[in-house]
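Okay, structure first, notes after.
To find a chain, count down the sequence lines: A is the first, B the second, and so on, and within it residues start at 1.
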Amino acid sequence: MKVRTRFAPSPTGFMHIGNLRTALYAYLYAKHNGGDFILRIEDTDRERFVEGAIDVIYSTLKKSGIEHDEGPDKDGGVGPYVQSERKDLYKKYAEELVARGGAYYCFCDKERLAGLTDDKGVRKYDKHCLHLSKEEVAAKLAAGVPYVIRQNIPEEGMTEYEDMVYGTIRVPCADMEDEVLLKSDGMPTYNFANVVDDHLMKISHVIRGNEYLSSTPKYNLMYDAFGWERPRYMHLPPIMKDAQRKLSKRYGDANFEDFIAKGYLPEAIVNYIALLGWAPKSNQEKMTLNELIELFDESGVNKSPSVFDEVKMKWLNGLYIKEMPEEEFLREATPWFEKSAAKGYDYALLAKLLQGRIEIFGEIPEKVSFIEEYGPVNPELYFHKKLKTDAVVAKELLPYAVDVLKNAPFDNASLFDAFGAMCEEKGIKKGQLLFVLRAAITAVASTPGGATEMAVLFGREETLRRLDEAIKQL
RNA sequence: GGCUCCUUGGUCAAGCGGUUAAGACUCCGCCCUCUCACGGCGGCUACAGGAGUUCGAAUCUCCUAGGAGUCACCA
């Protein structure tokens, strides 16, 4: 049987990391097994529908490299792929299930239902309407009494299934309620739509968050009642913000777009989240999407929740940045330069200096802020323990730099060599001179390049001006 | 509360009856070095607790504790 997995988000806003990971795993599993990955939009709850949310789903998937084989925009013959467009279907199947004894009409109103709630605030429907005769049901239907269709779950016995990551899940039927399958507005509940759609779309493996772990037995009972083959299930542990709280869009800090805006690379995000809850046998950490496809398998999936660690994702992103081709880095960095203190400077030079020094593009502005914030040089900046320099040394050495800066060809290699020659001639320690020079012309403790590189960045004139100012201050 | 599930360093995570309990991030040293970073080397820190089973348990069983999920005409 061909492997077919699906990602079935509801369009309620941004795509957060947990959702993306679910999509990723479903995609990886399908591709690893030469199968298809289907996108289905679950919008049966129109109250929560958010305008534009579907576009966010498309764009996130696209940027992540997760390409669906079928979906609303790619018909594979089992559509439509949007639940609200399948409305009529569900009713028909609900009725079929009633005919098969797996479900029944229920006319109970809210008041009666409320009366069923026990002292703990927990309610279990009492199958009241299950015992209505055919005639009674027909009469109420004819009279237009509002109704729902409920699943008819056996009152006793056990039901079990084999989860691909959690193993055997066994639940007593008595603990499950006869859930509503078809709402009074004619729309299916998620529970029902899911089962019908997954079957009709020939989904072989249902991969989703483990909040469904304990309701899955109910779904299985539906498959059984329909006489359909049950799919395989892979439930995934949640991604946490910390030990107690699940990562959710409520915290606003965990959606894909936010990370992109901070200067993360999509492939790094995907790589990182693949690692939350799964590890390859080799324990390799940096993997391309294709490598992930090749290595992904359910035996590497964890059962316990994992905490999202942005620090580590940053590190991974840094790895991706370091191995970008220079031109690509420059292209990606340019928009960041444009809105920073580096605006108007030599972007190619800055890119070269910065590529090995940042982990996300968002760090660029702070790294180059020294360019325009030049002011009085704090004497302490001349202090360096190992180089044995301080303001006194700076006052002595700085003047030696003036001639070189005035006369040497103004490129990094030439300047560096010229300073080397001069230092040797005068018996000065090059490291000391260059250190105090860098401090003098940048006025900050650390910069993305050494003295000569900073000088080239500023240009001869500006460098001399700054040096002059710094010397006067001493 | 019932049901289902989870528990290896601060975090991610190997491990599936015999290991000095990997590796990665973070942090701290050292080296490299025109500052910072990169890189290299090294270090700190873990099997939730208790009973079993076994010659032997992080690995199997049970109990306890802690945590999560679920119990909607939401998905």
Determine the Euclidean distance between corresponding [atom1] atoms of [M] and [N]; express it in Å to zero decimal places.
N: A22(B); M: C32(B); atom1: C1'; answer: 28 Å
N: U70(B); M: A75(B); atom1: P; answer: 14 Å
N: A57(B); M: U8(B); atom1: C1'; answer: 14 Å
N: G40(B); M: C25(B); atom1: P; answer: 9 Å
N: U61(B); M: A68(B); atom1: P; answer: 24 Å
N: G1(B); M: C27(B); atom1: C1'; answer: 43 Å
N: A24(B); M: G39(B); atom1: P; answer: 12 Å
N: U7(B); M: U64(B); atom1: C1'; answer: 13 Å

If each of Val171(A) and Ala8(A) is mapped to the nucleotide of RNA chain B with the nearest heavy atom, which maps nearer the 5' terminus, i.e. the 5' end?
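With Val171(A) and Ala8(A) compared, the 5'-side residue is Val171(A).
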
Using heavy-atom distances to pick each residue's nearest nucleotide on RNA chain B, tell me which of Asp175(A) and Ser215(A) is more 5'.
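Result of the comparison: Asp175(A).
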
How long is the span from the CG atom in Leu276(A) to the CD1 atom in Ile239(A), to the nearest 0.5 Å?
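Nearest 0.5 Å value for the CG-CD1 distance: 5.0 Å.
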
Centres of the [X] and [Y] rings: under 6.0 Å?
X: Phe296(A); Y: Tyr25(A); answer: yes
X: His384(A); Y: Phe435(A); answer: yes
X: Phe329(A); Y: Phe361(A); answer: yes

Measure from [atom1] on [X] to [atom2] on [N] and round the result to the nearest Å.
X: Met313(A); N: U26(B); atom1: CE; atom2: P; result: 14 Å
X: Asn194(A); N: A72(B); atom1: CG; atom2: C1'; result: 16 Å
X: Tyr219(A); N: U70(B); atom1: OH; atom2: C1'; result: 11 Å
X: Asn220(A); N: U4(B); atom1: CG; atom2: C1'; result: 14 Å
X: Lys110(A); N: A72(B); atom1: NZ; atom2: P; result: 13 Å
X: Glu211(A); N: A75(B); atom1: CD; atom2: C1'; result: 9 Å
X: Asp178(A); N: C71(B); atom1: CG; atom2: P; result: 15 Å
X: Tyr125(A); N: A72(B); atom1: OH; atom2: C1'; result: 15 Å

Salt-bridge test for Asp163(A) and Arg232(A): reply yes if a basic N is under 4.0 Å from a carboxylate O, no otherwise.
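No, no charged N to carboxylate O under 4.0 Å.
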
Carboxylate-amine/guanidinium proximity below 4.0 Å for Glu310(A) and Lys314(A):
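Here Glu310(A) does not pair with Lys314(A) in a salt bridge, since their nearest N and O are not under 4.0 Å apart.
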
Asp224(A): salt bridge (Lys or Arg N to Asp or Glu O under 4.0 Å) partners, not counting sequence neighbours:
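Partners of Asp224(A) by the salt bridge (Lys or Arg N to Asp or Glu O under 4.0 Å) criterion, ordered by chain and then number, come out as Arg230(A).
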
Residues in salt bridge (Lys or Arg N to Asp or Glu O under 4.0 Å) with Glu453(A), at least two apart?
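With sequence neighbours excluded, Glu453(A) shows a salt bridge (Lys or Arg N to Asp or Glu O under 4.0 Å) to no residue whatsoever.
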
Hey, what are the protein-to-nucleotides 42-46 of chain B N/O distances that come in under 3.5 Å?
none

From the list C3(B), C73(B), G69(B), which nucleotide is the closest neighbour of the side chain of Arg150(A)?
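Output: C73(B).
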
At 4.0 Å (heavy atoms only), tell me whether [X] reaches a base, stays on the sugar-phosphate, or touches nothing.
X: Ser184(A); result: base
X: Phe419(A); result: nothing
X: Gln244(A); result: sugar-phosphate

With sequence neighbours excluded, what pairs up with Tyr105(A) under the ring pair (Phe, Tyr, Trp, His ring centres under 6.0 Å) test?
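In terms of ring pair (Phe, Tyr, Trp, His ring centres under 6.0 Å), with neighbours along the sequence ignored, Tyr105(A) is linked to Tyr147(A).
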
Consider side chain to side chain contact (heavy atoms under 4.5 Å, CB included). Of Val270(A), Ile273(A), Leu247(A), which one does Arg21(A) pass it with?
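The option that passes is Ile273(A).
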
Who are the side-chain hydrogen bond (donor to acceptor under 3.5 Å, both in side chains) partners of [X], not counting sequence neighbours?
X: Asp197(A); answer: Gln83(A), Arg86(A), Tyr90(A)
X: Asn191(A); answer: Tyr219(A)
X: Lys426(A); answer: none

Donor-acceptor contacts, no H, no angles, side chain residues 349-359 of chain A, under 3.5 Å, sequence neighbours left out:
residue	atom	partner	partner atom	Å
Gln355(A)	NE2	Ile321(A)	O	2.9
Gln355(A)	NE2	Met324(A)	O	2.8
Arg357(A)	NE	Leu353(A)	O	2.8
Arg357(A)	NE	Pro448(A)	O	2.9
Arg357(A)	NH2	Pro448(A)	O	2.9

Give RNA chain B the dot-bracket treatment, 5' to 3': Watson-Crick (N1-N3 with N6-O4 or O6-N4) or G-U (N1-O2, O6-N3) under 3.5 Å, [ ] crossing, | other strand.
((((((((.[[[..)..(....]]].(((((.......)))))....[[[[[..)....]]]]])))))))....

Show the atom names and distances, to 0.1 Å, of all donor-acceptor pairs under 3.5 Å that link a side chain in residues 391-409 of chain A to residues at least two apart or in another chain.
residue	atom	partner	partner atom	Å
Asn407(A)	ND2	Asp403(A)	O	3.1

Can you see if the side chain of Lys183(A) gets near the phosphate of C74(B) - specifically, an N or O under 4.0 Å from OP1 or OP2?
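Yes, within the criterion.
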
For the base of C3(B), is there a side-chain donor-acceptor partner from Ser214(A) under 3.5 Å away?
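It does not, because no donor-acceptor pair links the side chain of Ser214(A) to the base of C3(B) below 3.5 Å.
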
Chi-based syn or anti call at C36(B), which uses purine or pyrimidine torsion atoms and a 90° bound
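What C36(B) shows is an anti base, its glycosidic angle lying more than 90° from 0.
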
With B for base contact, S for sugar-phosphate-only contact and - for none (protein heavy atoms under 4.0 Å), nucleotides 5-14 of chain B reads SSS---SBSS

Where along nucleotides 31-40 of chain B does protein come under 4.0 Å, by heavy atom, of base (B) or sugar-phosphate alone (S), with - for untouched nucleotides?
S-BBBBSS--

More than 12 foreign heavy atoms under 6.0 Å from CD of Glu294(A): is that the case here?
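Open.
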
